[in-house]
S.K.: 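I am attaching a structure below and will ask some questions about it afterwards.
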2 protein chains.
Amino acid sequence: MLAIGTLARRTGTKVQTIRYYEQIGLMPEPGRTAGGQRRYGEAELDRLAFIRHARQLGFTLEAIRELLDLSDHPEKSCQEADQIAGRQLRQVELRMARLEALRTELERMVHECSGGNTADCRVLEVLRDHSECLTAHDEIGA
Amino acid sequence: MLAIGTLARRTGTKVQTIRYYEQIGLMPEPGRTAGGQRRYGEAELDRLAFIRHARQLGFTLEAIRELLDLSDHPEKSCQEADQIAGRQLRQVELRMARLEALRTELERMVHECSGGNTADCRVLEVLRDHSECLTAHDEIGA
DNA sequence: CCATATTCTACAGTGACTGTAGATTTGGAG
DNA sequence: CTCCAAATCTACAGTCACTGTAGAATATGG
């Protein structure tokens with residue numbers, strides 16, 4: 001029987017995060033000791049590891065909820081899981097493309113800055129005038 | 001004199017976002033009509049455009065606050081602005097490296113999925129067992 | 001003058017946690 | 001068995017950068 005702290009250490013999760021997952025229904029309500037502390041088994045450890053790994057791959061908790069549901073029903077078609085992963089892949093590719101545009105622009109800003117005073121700072125100048133940008137970077141939160 | 005909606009349209013910002021920027025002190029309190037509606041001038045338009053552009057480049061509002069402060073004092077050294085931009089560049093590069101690792105892993109997952117049922121779905125299998133990953137992807141929120 | 005569009009304030013909600021306060025429980029040493 | 005420090009408990013507020021909502025007031029064109 002594993003205490004919540006052990007589970008946390010083994011999966012690289014904060015204790016509060018585990019309780020949060022329980023609260024939103026991603027993790028099941030575990031058994032309790034007489035004193036009211038949570039005790040977990042191996043199944044819960046595996047489930048939490050699954051969740052954390054999916055988070056590391058950038059899946060949202062909603063997507064993870066679906067993946068866990070699929071994983072709980074081995075007779076269901078794999079197609080859905082494949083679609084979720086495919087969607088995630090396309091999102092990652094999109095974010096990379098956007099970041100690439102940002103990188104180019106930032107590099108240019110930094111390299112062109114000659115180090116005088118802010119009156120003719122290249123960094124600030126580019127920020128002031130969008131038309132100086134070579135690449136398009138229209139979305140926020142890329 | 002520009003109404004808040006005009007400012008919003010011209011800069012691609014939501015009206016509430018402009019009020020939010022005012023609330024946190026990023027935008028100044030503008031003049032008001034007799035009826036209490038906000039009216040802006042060109043200076044505010046420029047300032048908002050600066051903010052939005054910096055947001056598109058991924059700067060946090062805190063970094064933008066510093067950049068605006070530097071921009072307001074043309075006699076200060078450019079060095080600080082350069083450092084902020086450099087920091088942002090390194091962050092973007094880090095995020096790109098992480099996303100690259102994710103992309104590799106997701107691609108592998110999706111391509112190896114043969115389309116049976118979830119019992120032997122490659123996507124779910126990889127999520128279940130971290131050791132199957134070829135690349136390291138340790139940080140969440142990359 | 002009136003209808004419609006815009007703006008106002010104030011507050012709650014988002015996602016995915018993280019942090020805090022104050023009380024209780026647990027596990028091991030003596 | 002007693003004591004103590006570490007871990008855990010609940011409940012709630014805070015983070016970031018917005019976004020959405022309700023209900024009232026204001027502005028504008030016909």
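Lettering follows sequence order; numbering is per chain, from 1. Every value quoted in this text rests on a predicted model; they were computed, and no experiment measured them.
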S.K.: Pull out every protein N or O sitting under 3.5 Å from an N or O of nucleotides 22-27 of chain D, one pair per line with the distance.
M.R.:
unit_1 : atom_1 : unit_2 : atom_2 : d
D:dA27 : OP1    : B:T33  : OG1    : 2.7
D:dA27 : OP1    : B:G35  : N      : 3.3

S.K.: Salt bridge (Lys or Arg N to Asp or Glu O under 4.0 Å) with A:E100: which residues, sequence neighbours excluded?
M.R.: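 Here the qualifying residues are A:R103.
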S.K.: C:dC8 P sits how many Å from B:Y20 OH, rounded?
M.R.: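 Those two atoms, OH and P, are 18 Å apart.
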S.K.: In degrees rounded to 10°, what angle is found between the helical axes fit to the five outermost pairs at each end of the helix from C:dC1-D:dG30 to C:dG30-D:dC1?
M.R.: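 The end axes of the helix from C:dC1-D:dG30 to C:dG30-D:dC1 are about 10° apart, to the nearest 10°.
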S.K.: Specify the residues of residues 63-70 of chain A, ordered by number, for which at least one heavy atom lies under 4.0 angstrom from an atom of DNA chain C.
M.R.: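 Contacting residues: none.
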S.K.: Do A:V15 and A:M1 belong together in a cluster built from hydrophobic side chains that touch within less than 4.5 Å?
M.R.: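 No, because A:V15 and A:M1 fall into different hydrophobic clusters, even though each may have its own neighbours under 4.5 Å.
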S.K.: Find the distance A:I18:CD1 to C:dC17:C1' and express it as a whole number of Å.
M.R.: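 It is 13 Å, rounded to the nearest whole Å.
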S.K.: Check this one for me: any side-chain N or O of A:T17 less than 4.0 Å away from OP1 or OP2 of C:dT18?
M.R.: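 For A:T17, the contact criterion (side-chain N or O under 4.0 Å from OP1 or OP2 of C:dT18) is met.
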S.K.: How long is the line joining CZ of B:R32 and P of C:dT6, in whole Å?
M.R.: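 Atom-to-atom, B:R32 to C:dT6, this comes out as 19 Å.
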S.K.: Start at the 5' end of DNA chain C and walk down; is the nucleotide closest to A:R19 or to B:R38 reached first?
M.R.: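 Its nearest nucleotide lies further toward 5', so the answer is B:R38.
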S.K.: Quick one: B:M1 CE to C:dT7 C1', roughly how many Å, whole number?
M.R.: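 Rounding to the nearest Å, CE of B:M1 and C1' of C:dT7 are 17 Å apart.
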S.K.: Answer yes or no: does atom CD of B:E29 have more than 12 heavy-atom neighbours from other residues, nucleotides or ligands under 6.0 Å?
M.R.: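 It does not: B:E29 CD has 12 such atoms or fewer within range.
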S.K.: Hydrophobic cluster membership, with links at side-chain heavy-atom distances under 4.5 Å among I/L/V/M/F/W/Y: are B:V110 and B:V126 in one?
M.R.: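 B:V110 does not cluster with B:V126.
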S.K.: Is the distance from OP1 or OP2 of C:dA16 to the nearest side-chain N or O of A:K14 less than 4.0 Å?
M.R.: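 No, no such contact exists.
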S.K.: In whole angstroms, how far is the C1' atom of D:dT10 from the CD atom of A:E22?
M.R.: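 A:E22 atom CD is separated from D:dT10 atom C1' by 12 Å.
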S.K.: CD of A:E62 versus P of C:dC17: gap in Å, rounded?
M.R.: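 My rounded result for the distance is 13 Å.
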S.K.: Using only side-chain N and O atoms of A:Y21, determine if any of them is under 4.0 Å from OP1 or OP2 of C:dC17.
M.R.: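 So the side chain of A:Y21 is within the cut-off, an N or O lying under 4.0 Å from OP1 or OP2 of C:dC17.
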S.K.: What pairs of residues pass the salt bridge (Lys or Arg N to Asp or Glu O under 4.0 Å) test when at least one of them lies in residues 14-25 of chain A, not counting sequence neighbours?
M.R.: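 Of all non-adjacent pairs touching residues 14-25 of chain A, those that pass salt bridge (Lys or Arg N to Asp or Glu O under 4.0 Å) are A:E22-A:R38.
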S.K.: Could you walk me through whether A:L26 and A:L48 pass side-chain contact (heavy atoms from CB on, under 4.5 Å), step by step?
M.R.: CA-CA 9 Å; A:L26 261 190; A:L48 183 56; over 6 Å; no
S.K.: What are the atom names and distances for every N/O pair under 3.5 Å that joins the protein to nucleotides 4-6 of chain D?
M.R.:
none

S.K.: Considering only heavy atoms and no angle criterion, is a donor-acceptor pair shorter than 3.5 Å present between the side chain of A:Q16 and the base of C:dG19?
M.R.: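 Answer is yes: a donor-acceptor pair is held.
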S.K.: How close or far is atom P of D:dT19 from atom CD1 of B:I4, stated in whole angstroms?
M.R.: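 Going from CD1 in B:I4 over to P in D:dT19 covers 14 Å.
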S.K.: If I take atom CD1 in residue B:I24 and atom P in nucleotide D:dC16, what distance separates them, rounded to the nearest angstrom?
M.R.: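 Interatomic distance, CD1 of B:I24 to P of D:dC16: 10 Å.
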S.K.: Considering only D:dC18, C:dC8, C:dA16, which nucleotide approaches the side chain of B:L61 most closely?
M.R.: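 So the side chain of B:L61 is nearest to D:dC18.
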S.K.: Just call it for A:R9: base, sugar-phosphate, or nothing, with non-hydrogen atoms closer than 4.0 Å on any strand.
M.R.: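 The residue A:R9 makes no contact with any strand.
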S.K.: As a quick check of understanding, evaluate salt bridge (Lys or Arg N to Asp or Glu O under 4.0 Å) for A:D69 and A:K76, giving each step before the final call.
M.R.: CA-CA 10 Å; A:D69 187 57; A:K76 280 196 183 173; 3.4 Å; yes
